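Please read the structure below before turning to the comments.
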Amino acid sequence: MPTPIESLQEAAIAALKSQYNIEVSPAELPFQDTRREFEGDFTLVVFPLTKYKLGSPEQIGQKLGEGMQIQMPDIERFNVVKGFLNLRLSDAWWLAYLGSAQQDPTLFRNTAGEGHTVVVEYCSPNTNKPLHLGHLRNIVLGYSLSQILESNGYKVIQACLFNDRGTNISKSMHAWLKAGTGDTPESTGTKGDKLVGEYYVRFGKDQKQEIAALVAEGKTEEQAEQLAPSSLAIQDLTIRWENGDADVRSLWKTMNGWVYAAMEQTFRRLGAHFDRYYFESDIYLSGKETVQEGLEKGIFYQKEDGSVWVDLSPDGLDHKLLLRRDGTSVYITQDLALADEKYRDYQMGRSIHVVGNEQEYHFKVLFLIMQKLGKPFASGLFHLSYGMVELPTGKMKTREGTVVDADDLMDLMISSAREETLKLGKTEGMSETELEELYARLGIGALKYYLVKVDPKKRILFDPQESIDLHGHTAPFIQSSYTRTASILRKAEAEGLTPQVSPGLKPEDELLESERSLLRMLMHFRDVLADAAQTYNPSLVANYAYELAKEYNRFYHEAPVIRSAHPATSAFRLGLSTLCGKALRESLRLLGITVPERM
RNA sequence: GCCGCCGUAGUUCAAUGGAUAGAAUAGGAGUUUCCUAAACUUUAGAUGCAGGUUCGAUUCCUGCCGGGGGCACCA
């Protein structure tokens with residue numbers, strides 16, 4: 001079935017053929033929505049057609065409009081303003097559209113991705129400290145993108161890589177051993193990731209003191225850093241870990257276990273879930289095999305000291321180290337292996353890494369190397385690079401204690417939702433469990449929306465004051481718009497009204513502008529969905545949901561649904577409300593946000 | 001130094017090269033015997049600077065100014 005835009009383009013092509021005898025492609029006929037201040041539903045910008053020397057834009061618009069009306073009688077009337085041809089479709093056409101949309105099981109789905117597999121890797125935390133605000137943005141983006149791809153027909157694997165080894169985790173282990181208290185999450189009543197994080201911070205403080213003392217003795221900053229007892233201790237721990245020292249491995253397993261359990265809790269609260277976990281400790285060694293492969297293919301080269309490099313200067317980049325002279329791997333080495341691993345597991349056509357923009361260079365290098373190695377998946381690699389989350393006071397820094405903790409922030413948002421809900425007092429009759437669920441929906445929803453409504457490429461300035469606001473451009477605004485549709489449907493059902501609109505049923509009144517506008521927006525759902533997938537941009541869905549909610553509220557205030565004078569109008573508005581509700585719920589679902597039926 | 005990113009109302013965000021640059025928030029004025037006022041209506045307020053391409057530039061190109069980021073045998 002052709003989309004309305006396609007029908008219009010077809011009509012325009014036929015009209016141009018018969019009026020001017022010229023052949024144009026649909027691409028030359030960019031229809032867009034008519035702006036509110038003009039009359040019409042769809043607008044064609046005529047200017048590009050002036051290249052055919054057919055006359056002034058106004059003349060072309062006029063003649064084209066006339067020709068299109070002949071081709072498509074549903075064009076009720078049209079007007080030409082400067083070079084813009086505004087077309088208005090008949091009420092009957094829009095009613096028929098609503099009728100068909102109600103029957104359409106794929107109203108909110110696309111099929112472009114069918115038969116293709118995509119791996120989306122996101123979150124990917126270190127196991128030495130808890131999740132923070134930056135991770136939240138990452139998770140919301142990754143989760144949402146996964147849903148969006150799935151709704152476009154792709155088979156999606158959500159993956160999370162735990163950076164679970166190396167100097168960072170050694171730091172926490174060392175501080176824990178040094179404290180000698182044998183603290184556990186159970187003994188201290190502290191969430192596992194928080195406990196490990198505390199030791200990580202403690203390590204930093206101790207090391208800093210040691211360095212200061214050494215500097216006071218006359219050492220340089222650099223020497224002091226190397227000579228500090230803490231520094232030596234973590235080197236030792238890391239080496240013992242790599243050699244499989246039973247004690248170190250056992251402690252490592254225990255502490256990481258605390259962290260996994262704790263993060264799982266946080267994921268659950270966020271509604272995030274992964275199909276597959278990867279662990280750096282499992283794969284870091286096999287990166288060396290890929291390095292070997294590159295050497296054999298002559299793509300990498302080895303220096304006299306034994307270190308391995310790749311020369312990317314022909315591609316405008318630098319020489320990049322892949323293996324240290326002592327044969328140990330660097331950061332990028334494990335990623336070489338992980339890419340192969342994912343392909344072995346899923347044979348994906350596309351592999352997306354949701355990682356902050358500070359690592360753009362890293363991924364540029366990684367993808368280029370994959371290309372040079374001739375990996376079958378190389379062309380499908382993509383770095384979804386997003387901007388950092390900053391505080392009004394600047395960047396978040398663990399060492400300076402300015403990090404906004406993920407769990408704390410969720411708690412704050414939920415209590416803010418509770419406060420606001422109680423203030424409004426509209427939840428009479430809800431059980432304690434239902435209320436808690438509602439507060440979580442609203443609070444977590446507001447948080448997620450705050451993070452996903454901004455274009456991923458842009459940095460986010462996190463203002464705590466603004467973020468807990470539940471009015472305006474927020475999830476609760478959209479959620480409350482949904483509850484309006486739900487409330488109307490409940491009442492309608494109680495009164496025996498049905499939202500089913502038979503296409504032939506014509507309301508007595510003319511369609512309102514807000515009704516046309518809503519129908520047009522429903523029609524665009526799939527366009528937005530496709531666009532969001534193609535550009536890896538969930539914020540498009542977020543903004544769509546907001547615009548739709550706003551338009552629905554406008555309609556709600558000016559048009560009575562149940563109390564409408566005419567039954568036919570009531571039925572139509574009920575059908576429209578039902579679909580708007582579904583569209584709101586579905587677009588929020590794509591963002592990882594759920595809706596309540598009452599609030 | 002080199003490489004990339006970003007500069008839009010007081011503030012936070014929008015705008016496939018298209019009409020008079022949209023919202024939210026903060027400020028001014030209103031709306032509730034009416035399906036949930038977390039709402040609606042209304043008012044005021046912005047494209048860093050200078051050029052260029054174009055019928056048309058917030059968008060593309062060049063230079064300048066301003067702000068992050070990256071360029072480790074760190075991860």
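Proteins come first, then strands; the chains are lettered A, B, ... in the order of their sequence lines, and each starts at number 1. Remember, it's a predicted structure, so these values are computed and weren't measured experimentally.
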### Message
At a heavy-atom distance below 4.0 Å, what parts of residues 534-550 of chain A sit against RNA chain B?
### Response
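Going residue by residue through residues 534-550 of chain A, the ones with a heavy atom under 4.0 Å of RNA chain B turn out to be A:Y546, A:K550.
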
Ion pair [X]/[Y], N-O distance below 4.0 Å:
| X | Y | result |
| --- | --- | --- |
| A:K423 | A:E420 | yes |
| A:R36 | A:E551 | yes |
| A:E515 | A:R573 | yes |
| A:D33 | A:R520 | yes |

Check the phosphate of B:C74 against A:R324, side-chain N and O only, distance under 4.0 Å to OP1 or OP2. Yes or no?
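Checking A:R324 against B:C74: at least one side-chain N or O falls below 4.0 Å of OP1 or OP2.
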
- prompt: Can you find a side chain N or O atom of A:K320 that sits less than 4.0 Å from OP1 or OP2 on B:C71?
  reply: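 False: A:K320 side-chain N/O out of range (4.0 Å or more) of B:C71 OP1/OP2.
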
Of all the choices, [options], which nucleotide is nearest to the side chain of [X] once you look at every atom?
| X | options | value |
| --- | --- | --- |
| A:K458 | B:C6, B:U12, B:A19 | B:C6 |
| A:S307 | B:C73, B:A75, B:C6 | B:C73 |
| A:V454 | B:C35, B:A39, B:A14 | B:A14 |

Report the distance from atom [atom1] of [X] to atom [atom2] of [N], rounded to the nearest whole Å.
| X | N | atom1 | atom2 | value |
| --- | --- | --- | --- | --- |
| A:K171 | B:C74 | NZ | P | 12 Å |
| A:Q465 | B:G10 | CD | P | 21 Å |
| A:I562 | B:C34 | CD1 | P | 14 Å |

Next on the checklist: Let's test your reading of the model: under 3.5 Å, does the base of B:A75 pair with the side chain of A:N128 as donor and acceptor?
Outcome noted: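 Checked by distance alone, the answer is no.
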
query = Ignoring hydrogens and angles, does a donor from either the side chain of A:D305 or the base of B:C73 sit under 3.5 Å from an acceptor on the other?
reply =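 Donor-acceptor pair under 3.5 Å: yes.
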
My understanding is that a pair needs two contacts under 3.5 Å, Watson-Crick or G-U wobble. By that rule, which nucleotide pairs with [N]?
| N | result |
| --- | --- |
| B:A39 | B:U31 |
| B:G1 | B:C71 |
| B:U58 | none |
| B:A24 | B:U11 |

For [N] and [M], measure between their [atom1] atoms and round to the nearest Å.
| N | M | atom1 | value |
| --- | --- | --- | --- |
| B:C35 | B:C40 | C1' | 15 Å |
| B:U16 | B:G22 | P | 14 Å |
| B:U53 | B:G17 | C1' | 11 Å |
| B:G48 | B:U8 | P | 6 Å |
| B:C60 | B:G7 | P | 10 Å |
| B:A19 | B:A57 | C1' | 14 Å |

Note to self: Within this structure, what is the NE2-OH distance for the pair A:H362 and A:Y331, rounded to the nearest 0.5 Å?
What the structure shows: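 Interatomic distance, A:H362 NE2 to A:Y331 OH, rounded to 0.5 Å: 4.5 Å.
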
Scan for ring-ring contact (aromatic ring centres under 6.0 Å, His included) pairs involving residues 38-59 of chain A, sequence neighbours excluded, and state none if there are none.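 Listed by first then second residue: A:F47-A:F84.
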
query = Hey, which of these two, A:K82 or A:N126, hits RNA chain B nearer its 5' end, going by closest nucleotide?
reply =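 Its nearest nucleotide lies further toward 5', so the answer is A:K82.
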
Note to self: Nearest heavy atom decides the nucleotide; on that basis, is A:F555 or A:R165 closer to the 5' end of RNA chain B?
What the structure shows: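 Result of the comparison: A:F555.
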
Margin query: Tell me whether the count of non-hydrogen atoms from other residues, nucleotides or ligands lying under 6.0 Å of CD in A:E37 goes above 12.
Written below: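 Counting neighbours around CD of A:E37, more than 12 heavy atoms of other residues, nucleotides or ligands fall under 6.0 Å, so yes.
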
**Request:** Using salt bridge (charged side-chain N to carboxylate O under 4.0 Å, His left out) as the criterion, list what pairs up with A:E597, not counting sequence neighbours.
**Result:**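 Scan of A:E597 (salt bridge (charged side-chain N to carboxylate O under 4.0 Å, His left out), adjacent residues dropped) gives none.
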
Side-chain contact, heavy-atom cut-off 4.5 Å: A:V541 with A:S144?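 No, every pair of side-chain atoms sits at 4.5 Å or beyond.
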
Validation row: A:L540, A:T535 side chains within 4.5 angstrom (heavy atoms) =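 Sidechains of A:T535 and A:L540: in contact.
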
Test of ring centre spacing under 6.0 Å for A:H174 and A:Y199
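A:H174 vs A:Y199: aromatic centres not under 6.0 Å.
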
- Query: Where does B:G68 fall, syn or anti, if syn means a chi angle no more than 90° from 0?
  - Reply: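 Syn conformation here, the glycosidic angle of B:G68 being no more than 90° from 0.
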
For this session: Mark this stacking check for A:F47 against B:G18 as yes or no, applying ring centres under 5.5 Å and ring planes under 30°.
Result: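 Yes, aromatic ring over the base.
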
Inset, instruction - Could you list the residues that satisfy ring-ring contact (aromatic ring centres under 6.0 Å, His included) with A:H524, not counting sequence neighbours? - result: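 A:H524: no ring-ring contact (aromatic ring centres under 6.0 Å, His included) contacts found.
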
Dump every N/O contact between nucleotides 36-38 of chain B and the protein below 3.5 Å, one line per pair.
from, atom 1, to, atom 2, distance (Å)
B:U36, OP1, A:S487, OG, 2.1
B:U36, OP2, A:K491, NZ, 3.1
B:U36, O2', A:R484, NE, 3.4
B:U36, O2, A:K426, NZ, 2.6
B:U36, N3, A:M599, O, 3.0
B:U36, O4, A:M599, N, 3.0
B:A37, OP2, A:R484, NH2, 2.9
B:A38, OP1, A:K426, NZ, 2.0
B:A38, OP2, A:K426, NZ, 3.2
B:A38, O3', A:H471, ND1, 3.4
B:A38, O2', A:S480, OG, 3.1
B:A38, N6, A:T421, OG1, 3.1

Of A:W241, A:F162, A:F279, which meets ring pair (Phe, Tyr, Trp, His ring centres under 6.0 Å) against A:Y284?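 Among A:W241, A:F162, A:F279, the one meeting ring pair (Phe, Tyr, Trp, His ring centres under 6.0 Å) with A:Y284 is A:W241.
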
Got a list of protein N/O to nucleotides 67-70 of chain B N/O distances below 3.5 Å?
from, atom 1, to, atom 2, distance (Å)
B:G68, O2', A:E390, OE2, 3.2

